[in-house]
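Heads up, the thing below is written out as structure tokens.
Read the numbers this way: they start at 1 and go in the same order the structure lists the ligands and their atoms. Atom set for the values below is all heavy atoms of this structure, side chains included, hydrogens, waters and symmetry mates excluded. Keep in mind it's a predicted model, so treat the numbers as computed, not measured.
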Amino acid sequence: MKNIVYCGGVPIGGDYISVQSMLNVSPYDVDASLLQIDALSKAKCDIVRVAVPDDRAASVLNDIVRNSPLPIVADIHFSASLAVKAIEAGVAKIRLNPGNVKGDLKKVVDMAKERKLPIRIGINHGSIEEEFKKLPAVDALVASALKHVDLLEKLSFSDIVISVKSSSVSDTVDAYEKLSKLGYPLHIGVTEAGTLKNGIIKNSMAIGALLLRGIGDTIRVSLSCDPVEEVICARKMLNFLGLRKDMIEVISCPTCGRTEIDVASIAEKVEKEFFNLSKPLKIAVMGCVVNGIGESEGADVGIAGGREKSTVFMDGKAVETVPNGKILDTLRKYVLLKAEDNLNE
Ligand code: SF4
């Protein structure tokens with residue numbers, strides 16, 4: 001039986017898999033923090049983590065918490081007194097590795113218990129303790145996590161979330177798989193995953209593999225870029241796996257010698273235009289009529305390109321043939337029609 005904990009109003013450990021990200025603006029700059037939180041909220045992020053490196057950052061935390069539409073997690077390293085200040089500032093969760101804490105850990109745990117705040121133990125392969133460094137990578141991640149869990153359990157604290165991240169896809173998957181038997185909710189993701197392209201690939205492989213096995217309760221797609229991209233990628237992963245139905249999915253053919261229209265540009269424009277349409281519609285952009293219609297039978301709305309005119313179809317049936325200059329307008333018309341249908345179902 002898995003524990004469920006709550007980060008603000010967001011459950012971690014139940015059926016809903018939440019999406020989170022982390023601010024990358026200065027932790028002392030309240031306005032910049034709130035601006036980034038607002039962008040994350042508009043992208044439908046569920047939880048936001050904020051680094052709290054020192055007292056100066058802790059002193060502005062309450063201004064951020066009070067004005068944030070999303071629950072805030074304080075990311076603390078080593079310091080019990082910073083954790084206490086973060087809890088007093090009203091954060092909804094703490095990321096803290098209890099075994100590394102200097103100061104009064106019991107006070108932190110008692111305050112978290114009293115306020116029903118979860119604590120995430122976050123193990124990264126790059127910061128494994130000396131005592132576990134000789135172990136194989138996966139064993140080291142798991143042993144380190146268990147050590148920190150044990151410390152919290154000894155203080156009778158059980159609102160625990162665990163993460164064990166590596167920059168290796170296979171080590172990340174193996175470590176989470178081992179820990180999944182514990183019953184604590186898991187925050188899954190790859191650490192130091194890299195820039196947009198590499199990061200998306202690594203995160204998709206690891207997070208996808210885990211979610212397909214039913215492992216993972218909250219996800220962060222770590223990327224070296226704007227955190228809004230992390231949220232978009234995470235939501236797409238959940239939608240593509242059928243775990244959420246709050247986005248359109250644009251499918252498009254790989255193009256070949258038969259291609260009659262600019263598939264990539266049309267697909268990108270459709271994706272951009274309907275990004276905020278919270279409907280699980282599948283929209284197909286196919287380069288020719290020879291294979292296009294058959295290849296996109298499962299789509300709600302689609303286009304199959306022709307030399308001068310293209311065929312638009314809805315629910316797998318041809319509904320209109322339009323000059324290629326009118327493809328986008330016609331797709332828009334049918335997508336909105338289908339979205340309305342979807343609303344009335
Ligand atoms: S749908 Fe047509 S253009 Fe696209 S890859 Fe298939 S055959 Fe080629």
Side-chain angles (χ1 to χ4, degrees), residues 43 169 193-209 211-212 221 223 225 229-343 345:
V169 171
T195 50
L196 200 60
K197 200 178 266 184
N198 283 2
I200 289 174
I201 294 169
K202 278 191 171 186
N203 275 289
S204 302
M205 287 194 287
I207 293 174
L211 290 176
L212 283 169
V221 175
L223 298 171
C225 68
E229 295 292 343
E230 298 189 344
V231 174
I232 294 169
C233 290
R235 287 184 54 220
K236 284 190 176 183
M237 283 182 201
L238 292 172
N239 274 272
F240 294 165
L241 287 169
L243 295 167
R244 274 198 196 182
K245 290 185 174 173
D246 65 355
M247 278 183 126
I248 59 150
E249 179 181 352
V250 178
I251 58 169
S252 57
C253 77
T255 70
C256 71
R258 292 192 188 88
T259 310
E260 302 280 11
I261 54 174
D262 189 347
V263 170
S265 143
I266 295 169
E268 269 165 28
K269 282 180 183 148
V270 171
E271 211 169 88
K272 205 166 167 193
E273 176 161 351
F274 293 109
F275 178 71
N276 283 324
L277 188 71
S278 305
K279 298 274 178 290
L281 296 184
K282 194 177 269 187
I283 303 162
V285 181
M286 299 289 150
C288 75
V289 280
V290 181
N291 294 332
I293 295 179
E295 283 180 14
S296 57
E297 259 178 351
D300 294 291
V301 177
I303 185 91
R307 188 142 302 160
E308 283 165 9
K309 291 182 173 179
S310 295
T311 307
V312 181
F313 50 96
M314 194 163 83
D315 299 325
K317 291 187 191 88
V319 285
E320 210 173 319
T321 300
V322 296
N324 285 351
K326 296 227 182 252
I327 288 177
L328 278 171
D329 287 345
T330 318
L331 275 178
R332 184 179 300 119
K333 180 175 85 179
Y334 284 100
V335 168
L336 293 175
L337 202 67
K338 196 67 202 163
E340 210 170 299
D341 252 25
N342 197 268
L343 193 71
E345 269 170 15

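For the side chain to side chain contact (heavy atoms under 4.5 Å, CB included) test, residues two or more places apart in sequence or in another chain that qualify with Glu273 are Arg332.
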Please walk me through it: do Val335 and Leu277 pass side chain to side chain contact (heavy atoms under 4.5 Å, CB included)?
CA-CA 10 Å; Val335 168; Leu277 188 71; 3.9 Å; yes
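Less than 2.8 Å away from atom 2 (Fe) of ligand 1, the protein contributes these N/O/S atoms: Cys288 SG.
Contact annotation: the side chain of Val270 never approaches that of Ile303 to less than 4.5 Å [non-hydrogen atoms, C-beta and beyond].
A distance-only check finds no donor-acceptor pair linking the side chain of Asp300 to the backbone of Ile283 [under 3.5 Å].
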Could you go through residues 237-246 and list every donor-acceptor pair under 3.5 Å that involves a side-chain atom there, pairing it with any protein atom two or more places apart or in another chain?
from, atom 1, to, atom 2, distance (Å)
Asn239, OD1, Asp246, N, 2.9
Asn239, OD1, Met247, N, 3.4
Asn239, ND2, Arg235, O, 2.9
Asn239, ND2, Asp246, OD1, 2.7
Arg244, NH2, Tyr16, OH, 2.9
Arg244, NH2, Ile17, O, 3.0
Arg244, NH2, Asp46, OD2, 2.9

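Applying the side chain to side chain donor-acceptor pair (under 3.5 Å) rule to pairs touching residues 319-328 yields Ser310-Asn324, Glu320-Lys333, Glu320-Tyr334, sequence neighbours excluded.
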